Amino acid sequence: MSVIGKKYIPLHNYLKKSALEHLVLPFSEIECILNAPLPQSAYNYQAWWVNSEKAHSHALTWLDAGYLVRSVKFGDYVEFVRKGNMDVPIQTGVEKIQIENSNKLSKEELNYIESLSNKLDEIRDSLTGNLTSDFANKGVIEQFEAMKGFRRMIGNIDNDLSFLGCLLMKEFLIQRHSCFGLNVALKPQGSPGLDVDETTTDGKRIIGELKTTYPYKENDLGANQKANFIKDFEKLQQNDADYKYFFLTETKTFDIVRSKYSHHLKGIHLVLLPQAISDCNFVITYSNK
């Protein structure tokens, strides 16, 4: 059974005490009630506000208080109405929510984003609590336990960054190829195989690899980085596809690959994210010749 997350209890209590049938709360007021910022997904995705506990447990914040979300103006306000109001369009599934720029996040992707939000909440609470308070004057056992706890909270941050990079990749591919069925949460981060292998509605195959790597050297990749990049280049070359993409999220890495590794990119589009989503100058196409 789902429970209301600790972060959202103040908002739940606020709504629970309200006697209003119709309530409009600015984002700033909601964050004041929470005494904490809303996650970025609440600012970007309508699906975050869907009236479904199955889609995300934080919906209990307003559902258990007797309210439904009727509309959201991102960064501005959220409109709540009391349950039973028949003119409220009740949304019951993430798959039915139209996302900005025609994108759709799957339930699995939303769950991953929510887990990242919870992780950041836990880290923030620890940094403002006793974990780092007067760290230098603590005994070595306390210092060790504090750092061990911090490492546990952070977890595999590289996988988290790769997942968010995959969402950027998804947004880019939706704009270019209308890949609405792409669900980047289904493939575990770090697992073998192509990062993206999709077929468009007109039967075109799209493959791609994503790297969030920051170069080890000032003007080149490190030895292990270079070996991993070349392995991905070969993977793209060895597969037949109508569109091949190599995605990067670091400008410095993008410049290094352009200057030193372009001979590996025949028939491949080199893409810098997130810049390429709005600027085609960050998509470099290499011919097969």
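In this text, all values refer to a predicted model and were calculated from it rather than measured experimentally. FYI, side chains are in, hydrogens and waters are out, and symmetry mates aren't considered; it's all heavy atoms of this structure. For the single chain, residues carry numbers from 1 onward in sequence order.
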Of all heavy-atom pairs between Ala42 and Phe74, which one has the smallest distance, and what is that distance? O-CD2, 3.6 Å
side-chain hydrogen bond (donor to acceptor under 3.5 Å, both in side chains), that's the test. Do Tyr67 and Ser18 meet it? Break it down for me. CA-CA 10 Å; Tyr67 282 93; Ser18 174; 3.0 Å; yes
Show your working on side-chain contact (heavy atoms from CB on, under 4.5 Å) between Leu161 and Thr249 and close with a plain yes or no. CA-CA 10 Å; Leu161 189 60; Thr249 60; 5.6 Å; no
Donor-acceptor pair, side chain of Glu21 and main chain of Arg82, under 3.5 angstrom: no
Hey, quick one: are Ile284 and Leu173 part of the same hydrophobic cluster, counting side-chain heavy atoms closer than 4.5 Å, chains of contacts allowed? no
Parallel, tilted or perpendicular, as decided by the 30° and 60° cut-offs, for the rings of Trp49 and Phe80: perpendicular
I'd like to check the salt bridge (Lys or Arg N to Asp or Glu O under 4.0 Å) partners of Lys235; sequence neighbours left out, ordered by chain and number. Glu209, Asp232
Given the rule in the side-chain contact (heavy atoms from CB on, under 4.5 Å) test, do Val257 and Lys211 qualify, once you have shown the distances and angles that lead to the verdict? CA-CA 11 Å; Val257 170; Lys211 290 293 187 187; over 6 Å; no
Point-to-point distance, once rounded to the nearest 0.5 Å, from OG of Ser162 to CG of Asp195: 8.0 Å
Please say which of Phe246, Tyr261, Phe254 ends up in a ring pair (Phe, Tyr, Trp, His ring centres under 6.0 Å) with Phe229. Phe246
Check the surroundings of atom CG in Asn35: do more than 12 heavy atoms from other residues, nucleotides or ligands lie under 6.0 Å from it? no
Evaluate the side-chain contact (heavy atoms from CB on, under 4.5 Å) criterion for residues Asp255 and Lys252: first the C-alpha distance (whole Å), next the side-chain angles of each, then the deciding distance (0.1 Å), finally the verdict. CA-CA 5 Å; Asp255 292 338; Lys252 190 173 182 178; 5.7 Å; no
For residues Leu265 and Leu194: do they belong to one hydrophobic cluster (side chain heavy atoms under 4.5 Å, members Ile, Leu, Val, Met, Phe, Trp, Tyr)? yes
Where the side chain of Ser259 meets the backbone of Ile256, is there a donor-acceptor pair that is under 3.5 Å apart? yes
Any heavy-atom pair between the side chains of Leu221 and Thr253 that's under 4.5 Å? yes
According to a hydrophobic-cluster definition based on side-chain heavy atoms being under 4.5 Å apart (Ile, Leu, Val, Met, Phe, Trp, Tyr only), do Phe282 and Leu168 belong together? no
Looking at Pro10 and Lys6, what are the two nearest heavy atoms and their distance? CD-O, 3.8 Å
Looking at Thr213, is its backbone amide N or carbonyl O close enough to the side chain of Glu250 to form a donor-acceptor pair, meaning the two atoms are under 3.5 Å apart? no
Distance col, row Leu273:CG vs Thr251:OG1, nearest 0.5 angstrom, shows 10.5 Å
Has Ile141 got more than 12 heavy atoms of other residues, nucleotides or ligands less than 6.0 Å from its CD1? no
State, yes or no, whether a side-chain contact exists between Leu63 and Leu68 at a heavy-atom distance under 4.5 Å. yes
Leu210 and Leu248: same hydrophobic cluster, using ILVMFWY side-chain contacts below 4.5 Å? no
Listed partners of Asp121 passing side-chain contact (heavy atoms from CB on, under 4.5 Å), at least two apart: Lys7, Ser117, Asn118, Arg124
Give the intermediate values and the outcome of side-chain hydrogen bond (donor to acceptor under 3.5 Å, both in side chains) for residues His22 and Glu79. CA-CA 8 Å; His22 177 263; Glu79 181 184 15; 2.6 Å; yes
To the nearest 0.5 Å, how far apart are OH in Tyr214 and CD in Gln225? 10.5 Å
Can you tell me how far the CD atom of Glu171 sits from the OG atom of Ser278, to the nearest 0.5 Å? 9.0 Å
Work out which heavy atom in Leu38 is nearest to a heavy atom in Tyr8; give both atom names and the distance. CD2-CE2, 4.4 Å
For a 4.5 angstrom cut-off between non-hydrogen side-chain atoms, does Asp160 reach Tyr112? yes
For residues Leu60 and His12, determine if any side-chain heavy atom of one lies less than 4.5 Å from a side-chain heavy atom of the other. no
How long is the straight-line distance from NZ of Lys138 back to CD of Gln143, given to the nearest 0.5 Å? 9.0 Å
Please indicate whether Asp240 has more than 12 foreign heavy atoms, meaning atoms of other residues, nucleotides or ligands, lying under 6.0 Å from its CG. no
Can you find a heavy atom in the side chain of Asn239 that is under 4.5 Å from one in the side chain of Asp197? no
Considering only heavy atoms from C-beta outward, does the side chain of His177 approach that of Lys204 to under 4.5 Å? no
Minimum-distance pair of heavy atoms, taken over all atoms of Cys280 and Arg176: CB-NH2, 4.4 Å
Which pair of non-hydrogen atoms, one from Glu109 and one from Leu182, has the smallest distance, and what is that distance? OE2-O, 3.8 Å
Would a 4.5 Å heavy-atom cut-off, applied to side chains only, mark Cys166 and Phe247 as touching? no
Can any side-chain N or O of Lys119 pair as donor or acceptor with the backbone N or O of Ile154 at less than 3.5 Å? yes
Atom of His269, atom of Val283 and distance for their closest heavy-atom approach: CB-CG1, 4.4 Å
Quick one: do Met169 and Val271 satisfy side-chain contact (heavy atoms from CB on, under 4.5 Å)? Show the steps, please. CA-CA 9 Å; Met169 178 179 68; Val271 182; over 6 Å; no
I need the Lys244 NZ to Ile206 CD1 distance, nearest 0.5 Å. 13.5 Å
Could you go through Asp76 and Lys73, starting from their C-alpha distance and side-chain angles, then the distance that decides it, and tell me whether this counts as salt bridge (Lys or Arg N to Asp or Glu O under 4.0 Å)? CA-CA 5 Å; Asp76 193 353; Lys73 185 174 182 181; 3.7 Å; yes
Would Glu234 and Lys231 count as a salt bridge (Lys or Arg N to Asp or Glu O under 4.0 Å) here? Give the steps. CA-CA 5 Å; Glu234 291 175 347; Lys231 182 179 178 181; over 6 Å; no
Please answer: with hydrophobic residues joined when any side-chain heavy atoms are less than 4.5 Å apart, are Ile207 and Leu167 in the same cluster? no
Is there a side-chain contact between Ile268 and Gln237, using heavy atoms and a 4.5 Å cut-off? yes
